[in-house]
Structures are given as structure tokens and as C-alpha cells.
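Nothing fancy with the numbering, it's 1 onward along the sequence.
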Amino acid sequence: MLQILLLLLPGVVRNMWTVSYPPLSSICAARGSNVSINCSFTYPQDQKVQRELWCSVTSNNGYCVDEPYVYDSKNNNNQKNFQYIGDKTSNCSLLISNIDQTHSGEYKFRFITGNIKWTGDPGVKILVDVSMSRSRENGSTIVGDSLNLTCTLSCSGNLADVQWFKNGDPIQQSEPVLTFSRVTAKDSGKYSCSLRNFKTTVSEEISIHIEDVVRSPTVLIIVVFLVSLVFITAAVILIRR
Ligand SMILES: *[C@@H]1O[C@H](CO)[C@@H](O)[C@H](O)[C@H]1NC(C)=O
Ligand SMILES: *[C@@H]1O[C@H](CO)[C@@H](O)[C@H](O)[C@H]1NC(C)=O
Ligand SMILES: *[C@@H]1O[C@H](CO)[C@@H](O)[C@H](O)[C@H]1NC(C)=O
Ligand SMILES: *[C@@H]1O[C@H](CO)[C@@H](O)[C@H](O)[C@H]1NC(C)=O
Ligand SMILES: *[C@@H]1O[C@H](CO)[C@@H](O)[C@H](O)[C@H]1NC(C)=O
């Protein structure tokens, strides 16, 4: 509808301050993929665009009047993940590469002409699918502890469609929560999860190290050492006789 209006009424539109994002409420991205946000902007003909900015509501707020920006055309040290693929006249598209969970959130385009600053608000929301959390954050886990790993799917609704991996190999678990009521040393490994039907969208790996509290190798070495000592002593005594 908007596009038809744009075609029919170019004269009117050219005199408006607008920023248009994709019409969807949010863009769903697979972790690790490259996502482009299609964006276009208009402004009165007598203006000249001098600066293009993109901000994230995660680190900024409101109309993103001040820094920080994820992209600033005046800054040569923009984050590598954020690439401006638009232009200086009407296309404000942004490419986010190798997207991960920390990039989820709302983004807004802001542009500055000679005397006017304009921000496209509300912005566009990005959801990064498939992430994982564990019930115990820090340190290693001890044998007998309980531990839960939770696979979170932000976009796809069906939580039953989860595939778990241990050290990269699929395991027989389709529940979104992987529960270890009493962990054993065998549970040590690297865990990840994905959507059953989209194996490429794999979560980050969580490494679990289960500490075995029984120090059997050390005990064994001491026992072997003591037994040998007794034998050697006995042998020395026997030879000296
Ligand atoms: C971006 O918008 C243009 C023009 O509306 C359209 O042709 C193109 O397919 C869009 N690209 C994406 C990735 O949505
Ligand atoms: C903006 O430019 C990008 C990259 O060249 C292109 O893919 C996209 O379709 C353009 N969007 C519009 C609305 O023209
Ligand atoms: C994503 O973009 C980066 C840099 O722009 C590129 O090196 C990489 O090959 C792209 N990956 C995919 C999956 O397109
Ligand atoms: C985990 O570590 C972080 C930083 O190292 C700390 O802020 C947090 O309080 C710790 N959490 C627990 C449950 O120990
Ligand atoms: C793991 O989940 C189970 C069942 O959902 C719960 O009873 C248990 O307390 C959880 N364990 C931890 C360590 O959060």
C-alpha cells in the first residue's frame, strides 16, 4: 500500500521526513547468519544529507540523539559487524554480519542534514534465534549436582522441535530443557542445541566440566610407590645377608 502511494505521489513524498523499515514487526535471524535491514528514507528536496547513523536501543535510547551508535558515517572505526549498504540519498539499509544473541534488539536509523536531525522511530526489531542458558553460571560442576541447560527459540513457536548435541553429535533429547538431576563425570562435554528442522541454526556451545572428587590416580600412585619401597627394602636386606 505504502509503495503504491510512493509511486503515485512522488511530489508529496519528497517533501516528507520519513524513515521506512520492513513492514514486519520483527526480523528473525539465524545465529551466525548475515542479516540486511532494508531501509529507505525521504526528506524535503532542498535538504542535503550529511551524516547517517544507526543505533541500537540496547546501548542507546529515545531518538538516539547522542552516542553510542553501531554505525556512524563520520566514524572510521565502526564495529566490523555493522556495515552500511545504503547510500546518501534514499537507501539506509544496514547489514549485520555473523549475528549473535547480543545483537538482538531494536535498531533505529538517524540522519542529519544541514539543520535538521531525524530518527526513524519506532525502529526495527531483530530477534536472533536459538540460544542456550545453563542453570549454574560459574565454576565447574561437582558429581551429584543438578544442572539444567535450556534451549531458547525466540522466533519459532514449537519448542518440541529441539535437537541437542553433545560434542557435535546428536543426542536423543527433544525437550527444550536438558535436565541432569545428578551429573556424573560422563556428562562432561560441549553442549549445543538447534531447531530440529534447521540444523544450521545452532546455538553457542556450553562447555561442562564435571569435577570428579575422588582422586583415584593420586592414591594409586602413592600405593604403588609404598609397595615398591617395601619390596626394594626387603631385597636390599636379603642381598646384604
Ligand atoms: C528491499 O526493498 C526493495 C525495494 O522495496 C526490494 O526490491 C527488495 O527485495 C528488498 N530486499 C529485501 C532483502 O527485503
Ligand atoms: C538498498 O540497497 C541494498 C544494497 O544495495 C539493496 O539490496 C536494497 O534492495 C536497497 N533497498 C531499497 C529500498 O532500494
Ligand atoms: C557474512 O558477511 C561477511 C562479511 O561481510 C562475509 O565474510 C561472510 O562470508 C558472510 N557470510 C555469509 C554466510 O554470507
Ligand atoms: C558469576 O560470575 C560473575 C562474574 O564473574 C559474577 O558477577 C556473578 O555474581 C557470579 N554468579 C554466581 C552465581 O556466582
Ligand atoms: C532443573 O529443572 C528441574 C525441573 O524443571 C527443577 O526441579 C530443578 O530445580 C532445576 N535445577 C536447577 C539447578 O535449576
Side-chain angles (χ1 to χ4, degrees), residues 1-131 133 152-157 201 204:
M1 190 62 191
L2 188 65
Q3 274 155 340
I4 295 168
L5 281 176
L6 292 179
L7 290 175
L8 290 178
L9 307 165
V12 174
V13 168
R14 247 184 267 147
N15 287 313
M16 282 165 54
W17 294 88
T18 65
V19 174
S20 318
Y21 305 112
L24 301 163
S25 61
S26 57
I27 296 174
C28 201
R31 183 178 167 276
S33 63
N34 292 346
V35 177
S36 61
I37 303 174
N38 224 356
C39 171
S40 59
F41 63 116
T42 64
Y43 47 89
Q45 261 181 313
D46 59 349
Q47 301 284 320
K48 193 169 186 310
V49 178
Q50 296 183 338
R51 190 174 179 186
E52 306 87 41
L53 306 153
W54 272 94
C55 70
S56 162
V57 174
T58 309
S59 55
N60 212 318
N61 54 57
Y63 293 113
C64 297
V65 172
D66 296 310
E67 294 185 352
Y69 298 106
V70 296
Y71 173 81
D72 179 349
S73 60
K74 284 261 160 44
N75 185 345
N76 294 323
N77 300 312
N78 288 302
Q79 295 177 50
K80 278 207 307 285
N81 293 76
F82 296 91
Q83 231 176 306
Y84 190 72
I85 54 168
D87 54 33
K88 287 202 157 293
T89 54
S90 64
N91 186 338
C92 42
S93 298
L94 182 75
L95 175 69
I96 308 177
S97 53
N98 194 18
I99 201 161
D100 72 31
Q101 196 59 28
T102 63
H103 299 133
S104 281
E106 185 180 347
Y107 292 85
K108 293 173 186 172
F109 175 67
R110 178 173 173 83
F111 66 101
I112 299 173
T113 66
N115 47 12
I116 308 269
K117 300 166 180 184
W118 190 267
T119 303
D121 184 70
V124 56
K125 288 194 190 68
I126 296 211
L127 283 174
V128 180
D129 215 344
V130 187
S131 65
S133 61
T152 309
L153 312 175
S154 357
C155 312
S156 21
T201 310
E204 65 274 41

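- In terms of heavy-atom proximity, Tyr21 sits nearest to Pro122 at CE1-O, 3.3 Å.
- Counting heavy atoms from C-beta outward, Ile27 and Pro22 have side chains that approach closer than 4.5 Å.
- The CG atom of Asp87 sits 8.0 Å away from atom CD of Glu52, with the distance rounded to the nearest 0.5 Å.
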Residue pair Tyr43, Trp118: steps toward the side-chain contact (heavy atoms from CB on, under 4.5 Å) verdict: CA-CA 9 Å; Tyr43 47 89; Trp118 190 267; over 6 Å; no
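- Under the 3.5 Å distance criterion, the side-chain polar atoms of Thr42 are matched with a main-chain donor or acceptor of Met16.
- Leu95 contributes atom CG, which lies 5.5 Å from atom CD of Gln83 (distance to the nearest 0.5 angstrom).
- What you find for Val19 and Cys39 is that their closest heavy atoms are CG1-SG, 3.9 Å.
- Atoms CG and OH, from Leu94 and Tyr107 in turn, are 8.5 Å apart once rounded to the nearest 0.5 Å.
- With hydrogens and angles disregarded, no donor-acceptor distance shorter than 3.5 Å links the side chain of Tyr84 to the backbone of Trp54.
- Proximity of a side-chain donor or acceptor of Asn60 to a complementary backbone N or O of Pro68 within less than 3.5 Å is detected.
- Heavy-atom minimum distance, Ile85 versus Ser36: CD1-CB, 4.1 Å.
- Closest approach of Ser97 and Lys80 over heavy atoms only: OG-O, 4.0 Å.
- Once rounded to the nearest 0.5 Å, the distance linking CG of Asp121 with CD of Glu106 reads 6.5 Å.
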Test log, rule side-chain contact (heavy atoms from CB on, under 4.5 Å), inputs Ile37 and Phe109: CA-CA 10 Å; Ile37 303 174; Phe109 175 67; over 6 Å; no
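- Using a 30° and 60° split on the angle between ring planes, Trp17 and Phe111 fall in the parallel class, below 30°.
- The environment of NZ in Lys117 is sparse: at most 12 heavy-atom neighbours from other residues, nucleotides or ligands sit within 6.0 Å.
- Between Gln50 and Ser73, the shortest heavy-atom contact is O-OG, 4.4 Å.
- With values rounded to the nearest 0.5 angstrom, Lys108 atom NZ is found 8.0 Å from Asn61 atom CG.
- Going from atom OG of Ser104 over to atom CD1 of Ile99 covers 7.0 Å, rounded to the nearest 0.5 Å.
- Taking both residues in full, the closest heavy atoms of Asn78 and Asp72 are given as OD1-N, 2.9 Å, listed atom of the first, atom of the second, then distance.
- For the residue pair Ser93 and Asn91, a side-chain donor N or O sits within less than 3.5 Å of a side-chain acceptor on the partner.
- Remark: side-chain polar atoms of Ser26 are not paired, donor with acceptor, to backbone N or O of Lys125 under 3.5 angstrom.
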